[in-house]
Each structure stands twice: as structure tokens, then as C-alpha cells.
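Report on the structure given below.
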Amino acid sequence: MSRRPISLVLGVAALGICALAGASGTPVMPSYLAAWLVLVALPAGALPLLMGLELAGFAAGPMAASLRRLLGLLPIAGLLLLPVLLSLNGLYPWDRGAPPRTAFAGAWFTPAFFILRSLAYLAVWLWLADTFRRPAAEAGSPAAGQRRSRAILGLILTTVTGTLAAEDWVQSADPGLASTAFGLLVMTIQAGLAVSAAALIAARDSSGRPGRDQRTAAAFADPILVLLAIWGFVHAAQYLTVWSANLPEEARWYLARDGALGRLGVWLGVGVMVLAALVLVPRRNAGRPALLAGIALLILLLHGAEMFWLVTPGFRGAFRFTWADALAVIGVVGVAGGLYGPVDRRLRGRVS
């Protein structure tokens, strides 16, 4: 039996156990939501990066080729969104009768409108993915001009939909933090996940090819460093703003994510940033595939755990990993891994 059917069976079994645990009263949906957010972050983060590379003239490079591979996860993420949409009452306080902060919030956060918005976000991303999963058109051709125009429009659309999706899917699950930078933070995490996964794909595809693997590794070094710097700055600015305002609800939001594991995560985040700078800034190291793959894997794990840090403490009062988290990760990764091959082949067939 090949790996994909095994992955799919394992994923379905893990999600089945989660469903049985949820039916018995165990709160498993926060874990599933966090795992699903990591999955959808890969194609959602890849889209704006691809469109930026298109406008910068690097659409034919190794990074763009690897990012296109991630777009095949978007239909699978859309399918796996269904359990979230069927469990709004267990995830979002606005569906449990919590009083809205404003009249606008009361009108905005309703189950039917939430579902419509979620489907609209995915529809916009799928429409853009249908264009940018194709290789770049020849420079100067009419098709190239059309792609550039769609890339500009797409960057505007992904900025708007990405900000709204972060507010809907993540922030409204624990609305204590009223931060205008929250959407930017989530989109930076998505981009970090996407470029790290793309770096691992590129390192695997170019392994054992002298010259090509060094050029591929060098192409990812600067984007990884820039995204880490933006991510660290947004986190620091948001924390300092909350600390200076000293509002009880926002302080409670951070205190729920404090504790030994939360503080360890902070130090790990700082450590990864420092390590990435020490390893990737020197030009002699930036083109070493093994070093890049190691940094990319660390960033992938860091941002994946961070998504659980954003979501689950609002339901548990503290940040900790549980068996439900592990099962949700196995389930989502298993199902996505099992379905990715057939979906990717079908999409490639449409492109050709």
C-alpha cells in the first residue's frame, strides 16, 4: 500500500476519534480549528507571495515553483472547513448568546453571515489560485500583462479577505484582544508557513543536483529573514501597545497565553530569529540547502504551534498541548496528505 492511502486512513481514523470524543462532551473543536488554520495558511500565505513575485519579475524562479505546489491544498482546506461551519456554537461566543460589543458586531457576527463570508474568502482565493498555479507567461505578451493586472487586484483582495478571515476565524473565538494589527500578524504567520514549506519542497526537489541546490537555497534566505523580522516587529508592537494601554480584557488575553509553555514559546521564537540571522545572513551559508531546510523546519513548527497559541487558550484558560491537539494534527495532516496527490494531479491536468 502506498503512503497516501495509509495517510488518508490514519487521518480519517484520528478525526473519527475526535468526533467520538466531541460527541461525549470533550471539547475537541478548538484543536481542530487550530490544525485547520495551519493547513489553510499554506495556500493562503502562498498566494500573496506568488503575486508579489509575479510583479517583481521572479515568477519563473524556484520559490514561485514551490509556492505553486501549495495551492493544491486550498480545495482540501475548503472541504475540511465543513466541521468548523457545523460547530460554530462550540467555537465562537457570539453564537452562544454573548452580548456584542457594538451594534455593528451584532450584525456582523451571525451564523449565516459568517458562513457566507467564509465561503466568499475561499471562493476569492480559489479564483486567484486558478490563475497563479500556472507558470508565468512570456514577458511582453498580452497574457503577461493580464497576469500582472490580476496580481495587483489579487494583492488588494487577499489583503482585505485575509484581514477579515483572521478576524472571523481566529480573533472572534477569543475577542478579548481588540487589535487592528491582528490581521497583519495572522497574514505574516501564513506567509511564514508558506515560504518555509516551499523551502522544504525546493530543497527536496533540488537535492543531489550540484549548483542548482545552492541557487535554490539562496533564493529563500532573504524572504525568510524579512518575514521573520516583520513577524517579530508586529508581535512586539502589539504587546507594547496592550501593555501601555493596560486594559483588563486585553491583559486577560495575554495572561491566558502566559505560563511556562507560553514563555518557552517566546524564547523559542526569539531563538529562531537569532539563529536564522546568524545562519542565513552570511552569504557563504545562505546557499547551503541543509542549513536552509533546518531553519525552514524550525519556522514551520514554530508558526504551527503559534496557531494553537492563538486559538486554544481562550477555551482552556492557559496554553498547553493536549491529546486532542495531537489527534487533530494527525487527522488534518493525514487527510490533506492523502487527498493532495489526486487533487494536485487533477489541477495540473487542468493547467496543461
Side-chain angles (χ1 to χ4, degrees), residues 33-54 63-64 66-78 80-81 84 117-118 120-129 132-133 151 154-173 177 179-201 220 223-235 238 265 269 272-273 276 295-311 329 332-333 336:
L33 174 62
W36 178 81
L37 286 167
V38 176
L39 173 65
V40 78
L42 295 171
L47 267 174
L49 293 173
L50 269 172
M51 292 182 288
L53 290 171
E54 186 89 23
M63 181 184 296
S66 298
L67 288 170
R68 289 190 193 101
R69 301 278 295 276
L70 298 176
L71 298 183
L73 292 170
L74 195 53
I76 302 170
L80 292 178
L81 175 63
V84 175
R117 290 198 307 275
S118 297
Y121 304 150
L122 289 172
V124 169
W125 297 345
L126 285 167
W127 175 66
L128 292 170
F132 294 101
R133 71 165 50 95
L155 283 173
I156 297 171
L157 289 175
T158 52
T159 301
V160 174
T161 56
T163 301
L164 294 177
E167 169 72 23
D168 286 346
W169 294 340
V170 186
Q171 194 170 15
S172 72
L177 181 66
S179 171
T180 55
F182 193 84
L184 175 60
L185 175 63
V186 172
M187 287 190 289
T188 306
I189 295 170
Q190 291 174 339
L193 283 165
V195 77
S196 300
L200 292 172
I201 293 171
F220 282 90
I224 286 177
L225 289 170
V226 169
L227 286 172
L228 277 176
I230 296 173
W231 171 76
F233 172 79
V234 175
H235 257 305
Q238 180 176 271
V272 168
M273 292 176 65
I295 294 295
L297 181 59
L298 286 175
I299 296 172
L300 196 68
L301 295 173
L302 175 67
H303 286 324
E306 184 181 11
M307 203 64 81
F308 283 82
W309 179 82
L310 289 172
V311 172
V329 170
V332 170
V333 171

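If you read the sequence from its start, that first residue is 1, and numbering goes on from there.
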Requested in this report: List the steps, then state whether side chain to side chain contact (heavy atoms under 4.5 Å, CB included) holds for Trp169 with Val186.
Outcome: CA-CA 11 Å; Trp169 294 340; Val186 172; over 6 Å; no

Query raised in the report: Could you walk me through whether Thr158 and Met51 pass the side chain to side chain contact (heavy atoms under 4.5 Å, CB included) check?
Result: CA-CA 10 Å; Thr158 52; Met51 292 182 288; 3.6 Å; yes

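The side-chain heavy atoms of Leu70 and Leu67, taken from C-beta on, include a pair separated by under 4.5 Å. Contact of the Glu167 side chain with the Phe182 side chain is not registered, since no non-hydrogen atoms from C-beta on lie closer than 4.5 Å. In this structure, Ile189 and Leu310 have side chains that are in contact, with non-hydrogen atoms separated by less than 4.5 Å. Residues Gln190 and Leu193 are not in side-chain contact: their nearest non-hydrogen atoms beyond the backbone lie 4.5 Å or more apart. Here the side chains of Leu184 and Thr163 are not in contact, with every heavy-atom distance at 4.5 Å or above. With a 4.5 Å cut-off on side-chain heavy atoms, Leu81 and Tyr121 do not count as touching.
Nearest heavy-atom pair, Ile299 versus Ser196, reported as atom, atom and distance to 0.1 Å: CG2-OG, 3.1 Å. Contact detail for Ile295 and Ile224: the closest heavy-atom pair is CG2-CG2, 4.5 Å. Contact record, Gln238 with Ala181: OE1-C, 4.2 Å, taken as the closest heavy-atom pair. The two atoms that bring Leu155 and Gly52 nearest to each other are CD2-N, 4.4 Å, heavy atoms only. Shown here for Asp168 and Arg117, the closest heavy-atom pair between the two residues is OD2-NE, 2.7 Å. The nearest pair of heavy atoms linking Ala276 to Leu228 is CB-CD1, 3.5 Å.
Expressed to the nearest 0.5 Å, how far CG of Leu301 lies from CD of Glu306 amounts to 12.5 Å. How far CG of Leu122 is from CH2 of Trp127: 15.5 Å, rounded to the nearest 0.5 Å. Put simply, CZ on Arg68 and CG on Leu53 are 8.5 Å apart, with the number rounded to the nearest 0.5 Å. Separating the CG atom in Leu164 from the OG1 atom in Thr159 is a distance of 10.5 Å, to the nearest 0.5 Å. For the atom pair Leu74 CG and Trp125 CH2, the distance stands at 7.5 Å (nearest 0.5 Å). Atom CG of Leu200 is separated from atom CZ of Phe220 by 9.0 Å, given to the nearest 0.5 angstrom.
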Identify all side-chain donor-acceptor contacts of residues 36-47 below 3.5 Å with residues at least two apart in sequence or on another chain.
| from | atom 1 | to | atom 2 | distance (Å) |
| --- | --- | --- | --- | --- |
| Trp36 | NE1 | Ala77 | O | 2.8 |

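Checking side-chain atoms of Gln171 against main-chain N and O of Leu177 turns up a donor-acceptor pair under 3.5 Å.
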